[in-house]
Amino acid sequence: MSGRLSVIGLGPGDARWLTPEAQAGLAEADALFGYGPYLDRVAVRAGQTRHPSDNREEIARAGAALTAAAAGARVALVTAGDPGVFAMAAAVCEAIEQGPPAWRAIDLAIIPGVTAMLAVAARAGAPLGHDFCALSLSDNLKPWETIERRLDAAAGAGFVLALYNPLSRARPWQLGQAFARLRTHLPDATPVVFGRAVGRDDERVRITTLAEAATEAADMATLIIVGSAATRVVARPGRTPLVYTPRAAERPA
Ligand code: SAH
C-alpha cells in the first residue's frame, strides 16, 4: 500500500469551522503529526498514533511526516487556520524540493482551512471588503527591514493589512515599531481590530484606532487588522460597532 500525506487546516479553533474534507482527512489517518497544541484539538481514535512536535521545528516536522508517508502510512499533518498561510504547506513543499526523490512520488493533499484573518474579519464586519494584504510580523525567517519596506508599500498603496504573528516573548518590540511606521502613512482615526483566539473559549475582539493601538492588546494568539484610510466604523445601539471597507475606491485626488 502506498502512503499518503494530507496537510490539514484545522481552522482558527471553533470545531464548526473544520471542513468536512479536513474531518475526513483526520479520520482516515494512521498517524497524526503537528505542533502539540494544534494536535490537542484533534480527537484521536483507536489505532492512530500521535507525533507532537515543537513549534520551531517546521522542516524537521515536515521531514518526519514525509518519511512516515514514504514508508506507507496515511499521515495527517495538522496546522491552525489554513496550511498555506504562514504554516506547514510551504515547509512540506520545501522539504520535497530538497529531499530524496522518493518524496516527490508521495500522494500529497493540501486541505484548506479557514485562515485567522477571515475569522477575525467576520467578527468585526467586513474590514477586508476591498483590497488587502496579509503580512507576518515575524522576523524569524526574514529581515526586519524587509517587513518595514512591505508595511510602507502596503499602507502607502491603500491596502488594508492583516498582521499575523504580531509579537512573541522573543519579539517584543516589533509590533510597536510597526504601528509607529503605519502612523506615518495613515490617519490617527484608522480603525484597528485586535482579534485574539477567535473561535476559542478565550476569544476577545477589540476595536480601536491606529492612534490608540497599544502593543499590550496583542499576544501570539492575536491577529490584527489595520484599516486603510477608507475603512469605516458604524456604531450600533447595544451592539459592537461594524468595521468595514467599502467595495468601491475613490479616484485619487
Ligand atoms: N496558518 C494559520 C496562521 C499561522 S501563523 C492561519 O491560517 O490562520 C500564527 C498566527 O495566526 C498567530 O500569531 C495569529 O496572528 C494568527 N492566529 C491563528 N489562530 C488565530 C485565532 N484563533 N485568532 C486570532 N489569530 C489567530
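As the structure is a prediction and not an experimental result, all values here were calculated from the model. Only this structure's heavy atoms are used, side chains among them; waters, hydrogens and symmetry mates stay out. For ligands, and for the atoms within them, numbers begin at 1 and follow the listed sequence. By convention here, the first residue in the shown sequence is residue 1.
- Looking only at side-chain heavy atoms (C-beta outward), Tyr35 and Arg61 come within less than 4.5 Å of each other.
- A donor-acceptor pair shorter than 3.5 Å can be found between the side chains of Gln174 and Asp139.
- The closest approach between a heavy atom of Gly195 and any atom of ligand 1 is below 4.0 Å.
- Near Pro166, the atoms of ligand 1 lying under 4.0 angstrom from a non-hydrogen atom of the residue are 13 (O), 15 (O).
- Other residues, nucleotides and ligands place more than 12 heavy atoms under 6.0 Å from the CD atom of Gln98.
- Among all non-hydrogen protein atoms, the one lying nearest atom 2 (C) of ligand 1 is Ala80 O, 3.2 Å.
- Of the protein's non-hydrogen atoms, Val198 N, 3.0 Å is the one closest to atom 23 (N) of ligand 1.
- Of all protein heavy atoms, the one lying nearest to atom 13 (O) of ligand 1 is Met220 O, 2.6 Å.
- Looking only at atom types and distance, the side chain of Glu148 has a donor-acceptor partner in the side chain of Trp144 under 3.5 Å away.
- Residue-level proximity to ligand 1 for Glu203 is absent, since no heavy atom of it falls below 4.0 angstrom.
- Ranking the protein heavy atoms by distance from atom 11 (O) of ligand 1 puts Tyr164 CD2, 3.4 Å first.
- Between His51 and Phe33, the two ring planes are parallel [angle under 30°; tilted spans 30° to 60°].
- Residue-environment remark: CG (Asp201) stays at or below the threshold of 12 foreign heavy atoms within 6.0 Å.
- Residue contacts with ligand 1 for Ala197 involve N, CA, C or O but no side-chain atom from C-beta outward (heavy atoms, distance under 4.0 Å).
- In this comparison of Ala116, Ala87, Gly13, the heavy atom closest to atom 18 (C) of ligand 1 sits on Ala116.
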Q: Evaluate the criterion salt bridge (charged side-chain N to carboxylate O under 4.0 Å, His left out) for residue pair Asp188 and Arg183; output intermediate values, then yes/no.
A: CA-CA 7 Å; Asp188 282 353; Arg183 287 184 190 114; 5.9 Å; no

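- Contacts with ligand 1 closer than 4.0 Å are made by backbone heavy atoms (N, CA, C, O) of Thr222 only, the side chain lying farther away.
- Atom CZ of Arg41 has more than 12 heavy atoms from other residues, nucleotides or ligands within 6.0 Å.
- For ligand 1, the atoms lying closer than 4.0 Å to a non-hydrogen atom of Pro12 are 22 (N).
- Summary of contacts: the protein heavy atom closest to atom 25 (N) of ligand 1 is Ala221 O, 3.3 Å.
- Here the shortest heavy-atom distance to atom 9 (C) of ligand 1, taken over Asn165, Leu10, Val85, belongs to Asn165.
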(Q) Working note: Glu203 + Arg123, criterion salt bridge (charged side-chain N to carboxylate O under 4.0 Å, His left out); need CA distance, chi angles, decisive distance, verdict. (A) CA-CA 11 Å; Glu203 167 174 331; Arg123 288 288 194 254; 2.6 Å; yes

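- The shell of residues lying under 4.0 angstrom from ligand 1, judged by heavy atoms, excludes Thr79.
- Phe86 O, 3.5 Å is the protein heavy atom nearest to atom 4 (C) of ligand 1.
- Polar contact check, Arg200 against ligand 1: a nitrogen or oxygen pair lies under 3.5 Å apart.
- Atom CZ of Arg247 has 12 or fewer heavy atoms from other residues, nucleotides or ligands within 6.0 Å.
- Considering only non-hydrogen protein atoms, atom 6 (C) of ligand 1 sits nearest to Thr115 OG1, 3.3 Å.
- Neither the backbone nor the side chain of Ala119 has any atom closer than 4.0 Å to an atom of ligand 1 (non-hydrogen atoms only).
- With hydrogens and angles left out, the side-chain atoms of Tyr164 and Thr115 include a donor and acceptor closer than 3.5 Å.
- For ligand 1, none of its N or O atoms has an N or O atom of Arg196 under 3.5 Å away.
- Using modelled atom types, one side-chain atom of Lys142 and one backbone atom of Ser136 make a donor-acceptor pair closer than 3.5 Å.
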